[in-house]
Amino acid sequence: MSLCPRINIDLEKIRHNARTLTECCNHLGIQVAGVTKAFSGTPEIAAAFIEGGVSMLADSRIENLKKLNHLEIPKILLRLPMISQIGEVVQYADISLNSELKTIEKLSAEALRKKKKHQIILMVDLGDLREGILEENLLEIVGRILKLEGIILMGLGTNLTCYGGVIPNKKNLGRLVKMTKTIEKEFKIKFKVLSGGNSSSWYLIENGDMPKEINHLRLGEAILLGRETAFGNTIPNTYQDAFIFTAEIIELKEKPSLPMGEIGMDAFGNKPHFEDRGIRKRGILAAGKQDVVIESLTPIDEDIELVGGSSDHLLIDITNSKKKYEVGDQIDFYVGYGALLQLITSEYVCKNIINYSN
Ligand SMILES: *Cc1c(COP(=O)(O)O)cnc(C)c1O
C-alpha cells in the first residue's frame, strides 16, 4: 500500500489486546464494553473487539453506532443523549448513559412508542465534573426513573479522569458501591450493572484494588493502544503499535535551526520560540495539523526529532539518524490517543486495515 499519508491498522494486534484485557476482567467478574469512538466506529475494528471477547460495544456518537448496527451485540451510547436524537437513540442503542430526568422521560416515551424497553445506566459524578448527577439527588431521581415504563434502570456508572483529571481509586469507586447498596435497599431492587469507568480504571485491576462490586468497564484506549490512562503506563502483554502513522518526505535539506528575520505569530496565532543548534538536516512530511495532533506522534526511528508543523506540513530533524533518508521515503510514527482520533477522522488520511490472520 503506497497511499500516503496513511494510518496502518493491525487487526490482529487489536484482537490480541482485546483478548488480554477481557480475559483479565472476566476473571474478576467484570464485563468489558469496547469503546469504538476513537476509530469512528469502523466496523472491521469493532469486529476485532468482538472476536477479542468484549461483551458490548460503546460509542459517544449515534452516527457511529449506526455503522455497527449489523453486529449482534449490545450497544451503549456513551454521551448523554440529545433530546433531538431520541428516536435514533432508542433505535440504535440498547443502553444509554444518562443524568437528566427530562431526557430519560423522553427515552421512556419513545421506547413505549416503539414497543420496546430502553436500558439506561445512571451516571453519578464522583468529582471529575463532567457528566453525572450528584449524590444528594440520587434517591429522588432513582425513585422517578423506576416509575417509567419504557425504561430499565440497569445500575449506576461513573466517568473519571476525562475533564477534571480525577483518578479512580478505592475511595471514590467505593462511594459508588455504597450508593448502589443504599438504593438497592431503599427500593428493594438489584442492579445488573455497576460501571466503574474507562481506561483510567485499569490500573486498579492490575493492582488488585478494584472494588469487587464493580462488574463493568468501558475501555477504549487501553485496548487500542495498550495503555492505561490514569498514569500513562503500558499494559503488560499488549501491543502499543496496533496503529502506525506513515507520512512521506517531500523536502530534505540542511537548514539553520533559527528562523531568519523578525518573529511574529505562527499560522495558529502562537509566538514560536527557537533554540540555535546550528545547521540541521531537516525533512518536511506531507501531513499536518489538519490530519494529526503532532504532539501525540512518536517517530519509530528514535533518532528522528519531531520539530513541529503547520496545517499541512510536519517538520522533522534527521541530523542524528543512522538511516540515509531521501525525498519520497516514508516515515513511521507511533500514535497517541489525540493523533489516533484525528487521523481516523481526517478525510486526507488513508485507512490501511491489515488483517494477517484472514
Ligand atoms: C470515551 C469514554 C470512555 C472510554 O474512554 P477510554 O479512555 O478510551 O477508555 C468510557 N466512558 C465514557 C463515558 C466515555 O465518554
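Count residues from 1 along the sequence. In each ligand, atom 1 is the first atom listed, and ligand 1 is the first ligand listed.
Remark: side-chain polar atoms of K271 are not paired, donor with acceptor, to backbone N or O of G269 under 3.5 angstrom. Side-chain N or O atoms of S346 include none that pairs as donor or acceptor with a backbone N or O of D291 at under 3.5 Å.
In this structure, K289 satisfies the cation-pi test against F268, with its NZ or CZ atom closer than 6.0 Å to the six-membered ring centre and inside 45 degrees of the ring normal.
Of the listed residues (I104, L107, I120), just one forms a side-chain contact (heavy atoms from CB on, under 4.5 Å) with L148, and that residue is I104.
Protein residues with a heavy atom under 4.0 Å from ligand 1 are V35, K37, L78, L97, R130, E131, N159, N198, S199, R218, L219, G220, E221, Y337.
Within a 6.0 Å radius of NZ in K170, no more than 12 heavy atoms belonging to other residues, nucleotides or ligands are found.
V32 is not listed as a side-chain neighbour of L21, based on a closest heavy-atom distance of 4.5 Å or more.
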